[in-house]
Amino acid sequence: MGPCERGDRTVTEQAPKPTTDLDRRHRNVAAACSLFVAVMVGAAFAAVPLYDMFCRATGFDGTTQVAKSAPAAALDRTMIVRFDGNVAPGLDWDFRPEITTTTVKVGETKLVNFKVRNRSDRELSGTATYNVTPETTGAYFAKLQCFCFTEQTLKPGEEIDMPVAFFVDPTIADERELDRVKQITLSYTFFPAKGPKPLAAVKDDRPKL
């Protein structure tokens, strides 16, 4: 039916208001997108500790293990262990192992020192990360004492020794694929304590020995 006639006036019928279904769909989509963003942000923050836990449990990416006690006995098998010390840009320190190599029996506990000196004229703080190569040996390289992941502060010109007590777990002998491994390299890198840190240097919940 066309326009309604009322006397000498013509009144046009009002079109019905659009339904609110489309508005509701838009609101639902917006809410879903917001929830997705929140979940992704939470997952990003959770990824770092989860990745670190995975590495510590499996030795993935050359992550070493933390031990509470030494093995009861050592094997006749020997291993050459090399030591490497590095300092990232932005930290004016000199950092090096006291010895570069040592030969140990598998299961034997060994203590070595790393020397670090603050070359600057101001107090500086640093945090060390570490890994071992070959990466497949990370699950079998255990430390009883280590300075890693603990912030170190040195006064101008100060020099200190940092001990590391470690052993190669005898269970490495059960892995036939590692029978040919004769050498392991333990490498540390010190980063400035303030500012961005690498993935491995994110807060560590392991007990400090």
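Reckoned from all heavy atoms, side chains included, excluding hydrogens, waters and symmetry mates.
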May I ask you to decide if [Y]'s main-chain N or O and [X]'s side chain share a donor-acceptor pair within less than 3.5 Å?
X      : Y      : answer
Thr133 : Glu135 : no
Gln145 : Lys143 : no
Asn118 : Lys155 : yes

Can you name the closest pair of heavy atoms from [X] and [Y] and give their distance?
X      : Y      : value
Pro192 : Ala88  : CD-CB, 4.5 Å
Ala74  : Gly107 : CB-C, 3.9 Å
Leu124 : Asp92  : CD1-N, 3.9 Å
Arg82  : Gln183 : CD-NE2, 3.1 Å
Trp93  : Gln152 : CH2-O, 3.4 Å
Pro163 : Asp161 : CD-O, 3.7 Å

Please list, one pair per line, the donor and acceptor atoms closer than 3.5 Å that link side chains of residues 99-106 to other protein atoms, with sequence neighbours excluded.
none

Open item on the list: Please determine whether residues Leu178 and Val81 belong to a single hydrophobic cluster, defined as Ile, Leu, Val, Met, Phe, Trp and Tyr linked transitively by side-chain heavy-atom distances below 4.5 Å.
Closed with: yes
Open item on the list: Between Leu186 and Ile80, is there shared hydrophobic-cluster membership here, with clusters defined by ILVMFWY side-chain heavy atoms closer than 4.5 Å?
Closed with: no
Side chains of [X] and [Y]: closer than 4.5 Å at any heavy-atom pair?
X      : Y      : value
Tyr140 : Met79  : no
Val116 : Asp94  : no
Thr109 : Phe167 : yes
Arg77  : Ile172 : yes

Pairwise distance [atom1]([X]) to [atom2]([Y]) - rounded to 0.5 angstrom:
X      : Y      : atom1 : atom2 : value
Phe141 : Phe166 : CZ    : CZ    : 4.5 Å
Lys115 : Glu98  : NZ    : CD    : 5.0 Å
Glu123 : Leu154 : CD    : CG    : 8.5 Å
Tyr130 : Phe147 : OH    : CZ    : 11.0 Å
Arg117 : Phe95  : CZ    : CZ    : 14.0 Å
Phe190 : Leu91  : CZ    : CG    : 8.0 Å

- [ ] Assess whether atom CG of Asp76 is packed by more than 12 heavy atoms of other residues, nucleotides or ligands within 6.0 Å.
- [x] no
Task: Donor + acceptor pair across side chains of Ser187, Asp84 (<3.5 Å) - done: yes
TODO: Could you please spell out the steps behind the ring pair (Phe, Tyr, Trp, His ring centres under 6.0 Å) verdict for Tyr188 and Phe83?
DONE: CA-CA 8 Å; Tyr188 287 94; Phe83 305 101; 8.6 Å; no
